Amino acid sequence: MQHSSIHWFRKGLRLHDNPALLAAATDCHRLHPLFILDPSSGRAGTNAWRFLLDALRDLDRSLREMGSRLFVVQGCPEEVFPRLFHAWGTTRLTFEVDTEPSRDATVAELAERHGVKVIREVSHTLYDTERVLALNNGKAPLTYKGLQSLLASLGPPEKPAPTLTLEHLQGCHTPCQVSHDTEYGVPTLEELGQDPTEVGPHLYPGGETAALARLNSLMDRTAWLCDFKKPETEPTSLSPSTTVLSPYLKFGCLSVRTFWWWLDEVYQGQREHSQPPVSLHGQLLWREFFYTAGAGIPNFDRMVGNPVCLQVNWDNNPQHLRAWREGQTGYPFIDAIMTQLRTEGWIHHLARHAVACFLTRGDLWISWEEGLKVFEELLLDADWSLNAGNWLWLSGSAFFHRYFHIYSPVAFGKKTDRDGAYIRKYLPVLKDFPAKYIYEPWKAPRAVQEQAGCLVGTHYPQPIVEHGAASKRNLGRMKAAQSKRHPTNPSPQGTTPHWIDLHPYLSDNIIIIKGSRVIKKSQFDSPHALTHQQQHHMEVSQQHNCVLGTVSLGWSSQGSLLLTPLPAEYEEMG
DNA sequence: ACCTTAGTTGGGGCC
DNA sequence: AGGCCCCAACTAAGG
């Protein structure tokens, strides 16, 4: 049967590794490559819109070279499709599977009702997310390792599908009018109500062509690709220290499978290469991790109703939120990052960590959902699953639990940029400060500020919070939120651990309270049965003649000990 | 059931 | 300057 196909582009803005597009061209006499623009949806800012329009123009150019065209239609899918099915005599609709919450099911039903056959193909992720979830009893793995072991049982990801060529389009006609450009052309920023004067430097032009060029430019950097370890790349680098392929992966201008197998080829024939999670393959698995989490966890981009998310009473502070967003916090490292984000649409992963921690659990105690919205607007690579997943992570709401590891807005940048070149680039107002004060200009004596031509409080803001005090306070609030999550844990949450004299209560029967459990000394009578740590625990307990308790199960691995008051319910057992 | 281990990517003080 | 130790003390997964 010869079909009249619509291929619906959403992500996957490419001709390579696009199985749904290939399916549309198979047994097809008429093909309409379609993109539906819904200018009212989403929070994309001007830079992100420019990237998308670049990508659409590139796609149209590539299709045109094969005698086809891209049809850009404005509206919402539920309204657009019935009209197009009718006008174009459509018998088949193909599109790429999208794991984000969407109205794909509604569109599919609508197509069935119009007698249109629907074909969906997985090509935005390395693995079929549904299959990974099914393998794990429908639940998303909550650790990277967990995902890795699931994927190990599935084998390597599928190879990319062949790139669409003229041969695929043999006998497959795209009906174009002379009026195509006015009717179905790619609009301009102005036509979308965006202010074109708001765009920043065009560092990362959108589109498949730019994506493949960027990938190819990495080709002769075999050693760099094989040595790549994400935590060792620098957030303060003046030109990106990582690949900046993320915007292209987000829109699907670059196929993740193409990238994966391209890397695999680079790795082949090398003596050794870095490994997940820090390697480049590892980065793609992180992407997979958050895609799986986003698909398997309800309300993934919200706190309320999200079962893995710590429930926190975040502050509502519009002034602080605005200062953070506008790069006016008074912390040059934070403000420089937010400036780079606003102007260029991309910042290093660790820079995201620094500003995300600062906004949430570190300093401002503002909900990660607010940060998520700002990133969604300003990042070229803002990807629903990755954005929400990383905000959950950095705010200490899920996945990451060592909340006492707080990024210092002063010290963190210094590690890789002692002189503050990064700050000088993005905050020129501070460029003449001596290195000694560039991260903390408010500490500079008046004469130094005058010398630098920048008075703190006049030309650059005073810090909006005092990091030392704010982070300490927030650490306590985080701890409180954690204990609320586990109300059954009888260890004395919220109290300051300290040595206490329990001598009057002691008998031979020393009780060790470890975590939430009560263990009698008699259980440990044979020293050989004890682990090294338990023995140590016992020794200290006897040596100090006291009841020994710990508030955590993790103490042993670090070799430190905490003695805490006995919870009231155990006191009589003393 | 119980325990151990590990967790992509910290900070600060000390030597 | 750079390495080492300590800080503080949670969760998930696996044995």
Side-chain angles (χ1 to χ4, degrees), chain A residues 136 139-150 228-236 241-242 274-287 289-290 293 308-310 348-354 356-358 361-362 389-390 392-394 396-416 418 439 467-468 471-472 475-476 478-486 489 491-498 512 514-519 523-524 529-534 537 549-564:
Chain A
N136 199 37
K139 288 190 308 227
L142 296 177
T143 62
Y144 189 83
K145 278 244 155 71
L147 178 76
Q148 271 186 305
S149 50
L150 284 174
F228 186 95
K229 296 187 190 77
K230 185 61 163 276
E232 291 174 19
T233 58
E234 299 189 356
T236 50
S241 59
T242 52
S274 53
Q275 294 292 330
V278 296
S279 65
L280 280 166
H281 264 176
Q283 304 313 300
L284 299 184
L285 292 176
W286 276 111
R287 179 176 183 272
F289 176 75
F290 287 122
V308 303
C309 181
L310 188 70
H348 186 275
H349 188 64
L350 290 176
R352 301 179 196 206
H353 279 212
C357 183
F358 187 87
R361 66 190 169 86
N390 279 299
L392 282 163
W393 187 294
L394 262 301
S397 300
F399 309 118
F400 174 81
H401 308 285
R402 288 180 293 181
Y403 55 83
F404 38 88
H405 283 193
I406 295 171
Y407 290 87
S408 160
V410 172
F412 187 63
K414 275 188 194 166
K415 276 201 303 192
T416 51
R418 183 149 288 281
Y439 284 88
H467 173 67
S471 59
K472 268 198 195 71
L475 201 128
M478 206 64 193
K479 205 161 150 182
Q482 297 272 6
S483 67
K484 231 160 84 187
R485 186 181 206 164
H486 305 280
N489 191 341
S491 65
Q493 300 275 346
T495 62
T496 311
H498 59 283
I512 298 174
K514 187 165 186 293
S516 59
R517 286 180 190 80
V518 180
I519 303 161
Q523 290 177 286
F524 287 137
L530 301 184
T531 65
H532 170 72
Q533 286 86 0
Q534 284 170 335
H537 206 154
T550 74
V551 290
S552 145
L553 293 172
W555 63 278
S556 54
S557 57
Q558 302 289 319
S560 59
L561 289 161
L562 284 172
L563 301 189
T564 65

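A note on names: the letters A, B, ... follow the listed sequences, proteins ahead of strands, and every chain is numbered from 1. What you are looking at is a predicted structure, and each value in this text was computed from that prediction instead of being measured.
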Novice: Which nucleotide wins on minimum distance to the side chain of A:Ser149, given the candidates B:dG7, B:dT9, C:dG14?
Specialist: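 Of B:dG7, B:dT9, C:dG14, C:dG14 is nearest to the side chain of A:Ser149.
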Novice: Could you state the interatomic distance from CD (A:Gln275) to CG (A:Leu285), rounded to the nearest 0.5 Å?
Specialist: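 It comes to 10.5 Å.
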Novice: Counting only N and O atoms by type, is there a donor-acceptor contact under 3.5 Å from the side chain of A:Tyr144 to the main-chain atoms of A:Pro276?
Specialist: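 Answer holds: no.
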Novice: Could you tell me how far apart A:Leu310 (CG) and C:dA12 (P) are, to the nearest whole angstrom?
Specialist: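 These atoms are roughly 11 Å apart.
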Novice: With no hydrogens and no angle check, is any side-chain donor or acceptor of A:Arg361 less than 3.5 Å from a backbone partner on A:Leu475?
Specialist: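 No; zero donor-acceptor contacts below 3.5 Å.
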Novice: Quick one: on DNA chain C, does A:Arg418 or A:Leu142 contact a more 5' nucleotide (nearest heavy atom)?
Specialist: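 Result of the comparison: A:Arg418.
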Novice: Among B:dT9, C:dA13, C:dC10, find the nucleotide with the atom closest to the side chain of A:Trp393.
Specialist: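 The listed nucleotide nearest to A:Trp393's side chain is B:dT9.
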Novice: Roughly, in whole Å, what's the span from NE2 in A:His349 to C1' in B:dT9?
Specialist: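 About 8 Å, once rounded to whole Å.
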Novice: Looking at CG of A:Leu147 and CH2 of A:Trp286, how far apart are the two atoms once the value is rounded to the nearest 0.5 Å?
Specialist: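 The distance works out to 9.0 Å.
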Novice: Whole angstrom is fine here: how far is it from CZ in A:Phe400 over to P in C:dA12?
Specialist: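 Atom-to-atom, A:Phe400 to C:dA12, this comes out as 14 Å.
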Novice: Report all interatomic pairs (protein N or O, nucleotide N or O of nucleotides 10-15 of chain B) with separations under 3.5 Å.
Specialist:
residue, atom, partner, partner atom, Å
B:dG11, OP1, A:Ser408, N, 2.5

Novice: Identify every side-chain donor-acceptor pair in residues 403-415 of chain A under 3.5 Å, counting partners at least two apart or on other chains, and give the distances.
Specialist:
residue, atom, partner, partner atom, Å
A:Tyr407, OH, A:His353, ND1, 2.7
A:Ser408, OG, A:Val410, N, 3.1
A:Ser408, OG, A:Ala411, N, 2.9

Novice: Using whole Å, what does the distance between atom C1' of nucleotide B:dG7 and atom OH of A:Tyr144 come to?
Specialist: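 Going from A:Tyr144 (OH) to B:dG7 (C1'), I get 13 Å.
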Novice: Might you point out which heavy atoms bring A:Thr233 and A:Ser241 nearest each other, and give the distance in Å?
Specialist: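 Looks like CB-OG, 3.6 Å.
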Novice: Closest approach to the side chain of A:Leu350, judged atom by atom: which nucleotide of B:dT8, C:dA13, B:dT9 is it?
Specialist: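 For A:Leu350, the side-chain atoms sit closest to B:dT9.
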Novice: Rounding to a whole Å, what distance do you find between A:Leu392:CG and C:dC10:P?
Specialist: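 Rounding to the nearest Å, CG of A:Leu392 and P of C:dC10 are 20 Å apart.
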Novice: Can you see which heavy atom on A:Pro141 is nearest to which on A:Leu150, and at what distance?
Specialist: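 Scanning both residues completely, I find the closest heavy atoms to be CG-CD1, 3.7 Å.
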Novice: How far, in whole Å, is B:dT8 from C:dC7 if one measures between their P atoms?
Specialist: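 To the nearest whole Å, 24 Å.
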Novice: Check the distance between B:dT8's C1' and A:Leu280's CG and give it to me in whole angstrom.
Specialist: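 Computing the A:Leu280:CG to B:dT8:C1' distance gives 13 Å.
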Novice: Quick check on C:dA8: is either OP1 or OP2 less than 4.0 Å from any side-chain nitrogen or oxygen of A:Lys479?
Specialist: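 Looking at the OP1 and OP2 atoms of C:dA8, neither is under 4.0 Å from any side-chain N or O of A:Lys479.
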Novice: Can you measure A:Phe228 atom CZ to B:dT9 atom P for me and round it to whole angstrom units?
Specialist: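 In whole Å, B:dT9 P lies 15 Å from A:Phe228 CZ.
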Novice: If only atom types and distance count, is the side chain of A:Ser274 paired as donor or acceptor with the main-chain N or O of A:Phe228 below 3.5 Å?
Specialist: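 Side chain of A:Ser274 to backbone of A:Phe228: a pair is present.
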Novice: Output the distance between atom OG1 (A:Thr143) and atom CZ (A:Phe289), rounded to the nearest 0.5 Å.
Specialist: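 Taking OG1 in A:Thr143 and CZ in A:Phe289, the distance rounds to 6.5 Å.
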Novice: At 4.0 Å (heavy atoms only), tell me whether A:Lys229 reaches a base, stays on the sugar-phosphate, or touches nothing.
Specialist: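 Answer is nothing: A:Lys229 stays at 4.0 Å or more from every strand.
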Novice: Please confirm whether the backbone N or O of A:Pro277 pairs with a side-chain atom of A:Gln283, one donor and one acceptor, at under 3.5 Å?
Specialist: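 Yes, the answer is positive, given that a donor and an acceptor are paired below the 3.5 Å cut-off.
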Novice: Give the dot-bracket line for DNA chain C from 5' end to 3' end: parentheses for intra-strand Watson-Crick or G-U pairs under 3.5 Å, square brackets for crossings, | for inter-strand pairing, dots for unpaired.
Specialist: .||||||..||||||
Novice: Send over the distance from A:Phe399 CZ to B:dT9 C1', rounded to a whole Å.
Specialist: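 Those two atoms, CZ and C1', are 17 Å apart.
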